[in-house]
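Here is the structure we will look at.
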Amino acid sequence: MAAGRPIEDISAREAEVLALLGGHLTNAEIAAKLFISVRTVESHVSSLLRKLEVPDRRALARRAAEHAEHAERDRAGRAASAPVLPVQLTSFVGRSRECAELAKMIKAHRQVTAVGAGGVGKTRLASTVAADLAGEFAGGVWFVDLVPLTDPGMVAAAVALALGVGEEPGSDIGETVIDALADRQALLVLDNCEQVLSGVATFVERLLAACPGLTVLATSRARLMVPFEHVYAVPPMSLDGDTESDAVALFLDRAAAVGGSPDPADIVAICRRLDGVALAIELAAARWPTLGREGLTAGLTDQLRMLTGGPRADDRHRSVRAALDWSHALLEPDDRALLHRISVFVSPFGLAAAAKVAGHDIGATADGLARLAEQNLLVVALSPDTTEYRALETVRQYGVERLAESGELDSTRAAHLHWCLERAADLSDVRAGWRARFDQVADDLRAALGWAAGRPDQRPDACCLARCLAELTFTRNLLGEAQQRFAQAAGLADDPAEAAAMFRHAATVAGCAMRGDEMHRFRLAAADAARRAGDPAGAACDLAAAATNAYRYSGSFTTVLPQAHALALIDQARESAGDDAAARAAIALAEAAVVHDAFGGGHGPPTNDVPQTLAGAERAVELARRTGDLLAESAALDALLGAQCWAGQTFGSAATARRRIELLSALPVTPATAHELVDALGEAAEASLGAGDLPGAQRWARRLADHPLLAEVRHRAISWRMTAGALAGDPGDTLALSELFRESWQRAGRPAKPALGAAVAGVAMIHGLRGDQEARRTWLTILGQLGTPAGHIYGYRAVFDAIELLHFGRPDEALRRLESEPAAVWRWVTWIWLHWYVALKAEAAVLAGAADAADRITAARALVAGNPVAGAIVDRAEALLGGDAARLTGTAEVFKTSGSRYQWARTMVFADGDQAAMTDLGLAAMAARGD
């Protein structure tokens with residue numbers, strides 16, 4: 001590989017991005033680390049690809065390692081030279097006419113397929129032309145190598161990896177790719193499409209229909225056979241001009257690289273015999289130092305006749321195969337066997353891996369790999385710590401065919417499968433460099449699983465590998481694949497009890513990805529498997545969990561499960577539960593969710609009351625605690641937290657939220673614990689806001705925003721930080737976060753998620769306080785698109801509206817906005833907003849001159865006692881009512897200590913007309929304070 005541009009050419013920010021690429025982070029994860037937008041990360045990645053002259057993100061990751069080593073050596077005061085780079089990135093020779101023709105076609109048509117025989121040079125031509133056209137595509141040029149794929153359904157995932165985008169919960173990976181490219185003028189190069197042709201054709205059609213600025217260049221041995229395709233037939237290297245031809249120039253260049261210096265006249269005939277096929281020329285040139293003209297001419301003549309006129313393919317295909325057969329015939333028998341066996345690897349592999357799969361000792365394998373590399377049958381990638389080998393795809397396929405002919409294909413694939421199982425087990429230890437180690441073998445794990453899953457004799461190992469791959473992809477935050485692999489493991493399991501466990505994991509991962517309907521389906525499948533396993537209590541737990549989840553996570557369902565269906569699931573669970581403690585606890589939780597609506601979905605019967613809700617949740621907690629299952633106890637505590645919010649037990653709900661996190665922090669990371677912890681962190685941030693603990697709310701919100709499960713859904717991750725920032729009156733942080741929120745939400749397809757409503761309403765309020773009505777209307781429009789239930793107008797909407805109305809001296813309107821009494825609309829006023837609601841209402845009553853203002857202050861003080869912010873608002877209202885300026889100053893200090901910057905500034909204006917306090921916040925100066 002050519003060395004490319006010096007690392008020093010990149011900027012400081014690009015160096016930061018490069019370092020994170022070396023950690024194999026996605027663009028969204030990099031954006032979260034650097035606190036910049038995903039679009040900015042994409043721009044930096046595109047710039048790095050261009051500046052460092054490398055083809056893809058994997059190459060950037062390798063350059064990152066070089067950069068880190070270079071920096072370390074600089075710090076140690078030692079000069080360092082760039083390490084030897086992989087030799088496969090050789091110079092591009094000739095092809096000026098072909099480059100011009102292909103470039104012209106790409107400019108004229110949105111989808112071009114460069115077709116030709118294996119080894120003819122499609123990839124090199126496509127990548128060179130794409131690089132030349134980079135300046136014409138403002139949205140970037142993206143290269144996707146499809147060689148590792150064996151499943152047509154994984155094309156979209158491969159494109160997503162190249163783009164650096166991750167899966168968005170609630171949508172498939174294809175939609176995420178479309179969202180990333182929808183508004184770009186970009187060139188997407190899909191290389192080596194032939195083995196996944198159907199998947200490429202289908203996905204390209206979707207892309208072109210949805211992304212009007214996108215152009216797709218595909219390389220393939222066969223056409224896509226779609227009506228919008230324009231085909232460019234890649235010819236062999238030109239033989240025109242004899243000694244001056246492109247073919248001869250390529251031979252000379254490659255021969256010089258291995259120490260040969262032939263006379264151009266001596267190789268014209270050889271190039272003609274090779275039909276100008278690039279791979280054949282390179283293979284021949286590699287042998288020039290040892291065979292010379294006579295040896296090459298004699299050997300090549302014999303090999304070309306081997307497949308001439310055969311039924312396999314056309315002349316060019318025969319020429320490539322002849323070159324491979326010729327090279328193969330020159331190998332020693334042991335080297336031939338080694339080449340055959342290592343052809344089962346679909347990704348670069350090391351010496352130990354080759355020895356394990358080939359069944360040779362390390363020394364013999366090392367010698368054999370070296371000889372294969374010398375003959376250009378393997379490409380060598382050197383780094384300071386490792387040497388990796390990779391067979392070109394045409395060579396790899398050739399080796400597999402020979403392996404089948406020898407009758408060793410199944411035994412070698414079985415050895416590869418066992419190697420993959422060992423690698424998967426090694427990867428269970430997540431430590432530094434884990435992502436890179438997983439990415440290095442992931443395609444081999446998938447390929448081995450694809451082979452083993454279809455063979456009854458390999459079913460147990462296939463089940464084991466599917467389970468391991470599910471766990472690994474979950475750790476890698478590939479939620480869609482993790483869910484798929486858990487379900488696959490369930491289908492491969494001979495033991496129905498194991499199938500039930502795998503279906504439960506699949507359900508949990510679906511829950512992490514906010515795919516409620518799939519979570520429900522997998523839970524029911526787990527129940528069926530548990531019944532087959534003779535585990536009625538386990539089936540009862542699954543049925544109860546299916547009913548609970550439909551209410552606990554109702555926002556992730558596309559269709560709300562009717563209560564009658566949920567009650568039927570609970571009845572079935574009762575019939576199977578017996579005296580099992582875990583099943584009884586699960587049923588109690590389902591009853592709290594479905595019958596008493598403890599989770600606040602608003603789906604329960606209107607007749608249920610607060611005492612019933614509390615009693616049902618408390619019973620669920622008690623039964624869960626008896627089981628000793630901390631996850632079950634956390635879920636039951638979540639129900640109790642909801643019931644406490646309904647009951648107005650603000651401080652109790654905050655304590656319950658903290659208790660959940662304490663329980664979960666002691667557990668290892670699994671899909672179930674991760675799902676539960678994400679939920680618990682959100683609840684803790686929310687409950688802390690209700691109790692007036694703004695620093696605590698920010699602390700939990702930051703932990704939530706940093707959770708790896710949410711790296712691809714920044715809008716969800718930072719929503720509670722935005723809400724806390726809005727209530728604290730921190731316009732700078734809130735508005736900065738809001739831009740990241742909007743970008744992520746739009747990239748996710750603008751999902752209608754009511755749970756995001758408080759954050760969006762808070763941003764709208766901040767813009768209102770700043771006097772930016774246009775921005776306020778924009779965010780209220782977004783709020784309307786979230787599908788916010790009407791009842792929420794009594795909760796956060798009322799609180800944020802009242803703060804804004806009071807800010808501009810309109811207390812009468814604020815009082816009307818807060819007119820409803822909490823007892824009349826308890827579901828949405830008494831959630832976390834009760835203290836804010838009654839405190840602001842007391843202040844509005846004072847400023848509006850209401851006759852019952854003093855009574856409202858007295859009632860509010862009793863309710864909010866212990867809440868520092870709400871209590872200070874009530875104290876301020878009483879000070880305003882009595883004209884006590886000294887007391888106003890005291891409340892200002894309380895606001896300052898509790899982290900409520902806005903209320904502190906507002907109080908300072910009331911106390912001595914200090915408009916500068918509002919100016920410091922970046923907010924418009926307050927209107928009349930009222931009397």
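We number each residue from 1, following the sequence as shown.
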D183 CG to R747 CZ distance, which is reported to the nearest 0.5 Å = 9.0 Å
message = Has R396 got a side-chain atom pairing as donor or acceptor with S343's backbone, closer than 3.5 angstrom?
response = yes
inquiry  = Any salt bridge linking R39 with E743? Criterion: basic side-chain nitrogen under 4.0 Å from a carboxylate oxygen.
reply    = no
request  = Take T219 and T113, measure what side chain to side chain contact (heavy atoms under 4.5 Å, CB included) needs, and give me the verdict at the end.
outcome  = CA-CA 6 Å; T219 75; T113 304; over 6 Å; no
remark   = Rounded to the nearest 0.5 angstrom, the CG-NE2 distance for L710 and H707 is 7.0 Å
Under 3.5 Å donor-acceptor, R124 side chain and A278 backbone = no
query = Shortest non-hydrogen contact from P671 to F474?
reply = CA-CZ, 3.4 Å
Geometric class of the H109/H230 ring pair [parallel <30°, tilted 30-60°, perpendicular >60°] = parallel
Criterion side chain to side chain donor-acceptor pair (under 3.5 Å) on S47 and E14, from CA distance to verdict = CA-CA 8 Å; S47 176; E14 287 169 344; 2.7 Å; yes
request  = Examine distances only and state if a side-chain atom of S220 and a backbone atom of N192 form a donor-acceptor pair shorter than 3.5 Å.
outcome  = no
inquiry  = To the closest 0.5 Å, what do you measure between CD1 (I178) and SG (C211)?
reply    = 6.0 Å
query = Which pair of heavy atoms, one from W142 and one from A162, lies closest together, and at what distance?
reply = CE3-O, 3.8 Å
task = Search all heavy atoms of V509 against all heavy atoms of L479 and return the closest pair with its distance.
result = CG1-O, 3.4 Å
ask   = Quick one: does V41's side chain get under 4.5 Å of H44's, heavy atoms only?
value = no
query = Taking the side chain as C-beta and beyond, is there a heavy-atom pair between L469 and L449 under 4.5 Å?
reply = yes
query = Between atom OG1 of T473 and atom CG of L445, what is the distance when rounded to the nearest 0.5 Å?
reply = 10.0 Å
ask   = Given the rule in the side chain to side chain donor-acceptor pair (under 3.5 Å) test, do S37 and T40 qualify, once you have shown the distances and angles that lead to the verdict?
value = CA-CA 5 Å; S37 73; T40 301; 2.8 Å; yes
note = When every non-hydrogen atom of V196 is compared with those of T150, the smallest separation belongs to CG1-C, 4.2 Å
request  = Flag the pair D443 and R58 as a salt bridge only when some basic side-chain nitrogen lies within less than 4.0 angstrom of an acidic carboxylate oxygen.
outcome  = yes
ask   = About how many Å separate CZ of R63 and CD of E53, when rounded to the nearest 0.5 Å?
value = 9.0 Å
key: Heavy-atom pair of closest approach, residues A158 and L149   = CB-CD1, 3.9 Å
inquiry  = Let me confirm one number: the CG-CE distance from L217 to M105, rounded to the nearest 0.5 Å.
reply    = 10.5 Å
Any D145 side-chain heavy atom under 4.5 Å of T123 side chain = no
Closest non-hydrogen atom pair, L102 against A126 = CD2-CA, 4.4 Å
Donor-acceptor pairs are to be reported for all side-chain atoms of residues 16-26 against protein atoms at under 3.5 Å, with residues two or more places apart or in another chain.
{"unit_1": "E16", "atom_1": "OE1", "unit_2": "R13", "atom_2": "NH1", "d": "2.8"}
{"unit_1": "H24", "atom_1": "ND1", "unit_2": "D439", "atom_2": "OD2", "d": "2.5"}
{"unit_1": "T26", "atom_1": "OG1", "unit_2": "E29", "atom_2": "N", "d": "3.2"}
{"unit_1": "T26", "atom_1": "OG1", "unit_2": "E29", "atom_2": "OE1", "d": "3.4"}
{"unit_1": "T26", "atom_1": "OG1", "unit_2": "E712", "atom_2": "OE2", "d": "2.6"}

inquiry  = Side chains of R721 and L704, heavy atoms from C-beta outward: is any pair under 4.5 Å?
reply    = no
inquiry  = Treating R223 as the side-chain partner and V115 as the backbone partner, does any N or O pair qualify as donor plus acceptor under 3.5 Å?
reply    = no
task = May I ask you to test the H715-P751 pair for a side-chain heavy-atom distance under 4.5 Å?
result = yes
ask   = Where do V54 and F143 land on the side chain to side chain contact (heavy atoms under 4.5 Å, CB included) test, with the steps shown first?
value = CA-CA 10 Å; V54 294; F143 188 92; over 6 Å; no
message = Any non-hydrogen side-chain atom of W434 less than 4.5 Å from a side-chain atom of R437?
response = yes
inquiry  = Please evaluate residues L478 and L472 with respect to the criterion side chain to side chain contact (heavy atoms under 4.5 Å, CB included), reporting the C-alpha separation (whole Å), side-chain torsions for both, the decisive distance (0.1 Å), and the verdict.
reply    = CA-CA 9 Å; L478 302 174; L472 294 172; over 6 Å; no
message = Just checking W419 against F349, ring centres under 6.0 Å apart?
response = no
query = Does R95 offer a backbone N or O that forms a donor-acceptor pair with the side chain of D246 under 3.5 Å?
reply = yes
query = Checking side chain to side chain contact (heavy atoms under 4.5 Å, CB included) for the pair L163/L181: CA distance, chi angles, key distance, verdict?
reply = CA-CA 9 Å; L163 294 176; L181 296 173; 4.0 Å; yes
key: Test ring-ring contact (aromatic ring centres under 6.0 Å, His included) applied to Y232 - qualifying residues, sequence neighbours left out   = none
query = Are the side chains of I10 and L52 in touch, meaning some heavy atoms are under 4.5 Å apart?
reply = yes
ask   = Donor-acceptor pair, S744 side chain versus F741 backbone, under 3.5 Å?
value = no
query = In chain order, what residues pass the ring-ring contact (aromatic ring centres under 6.0 Å, His included) check against W451, with sequence neighbours excluded?
reply = none
Exam field: side chain N477 to backbone P708, donor-acceptor pair closer than 3.5 Å = yes
request  = Indicate yes or no: does E101 engage K104 in a salt bridge with an N to O separation below 4.0 Å.
outcome  = no
query = Mind checking whether V147 and V346 have side chains closer than 4.5 Å, heavy atoms only?
reply = no
inquiry  = Please evaluate residues S96 and E98 with respect to the criterion side chain to side chain donor-acceptor pair (under 3.5 Å), reporting the C-alpha separation (whole Å), side-chain torsions for both, the decisive distance (0.1 Å), and the verdict.
reply    = CA-CA 6 Å; S96 58; E98 292 91 333; 5.8 Å; no
key: salt bridge (charged side-chain N to carboxylate O under 4.0 Å, His left out) evaluation trace for E481 with R446   = CA-CA 11 Å; E481 184 173 1; R446 292 165 180 139; 2.8 Å; yes
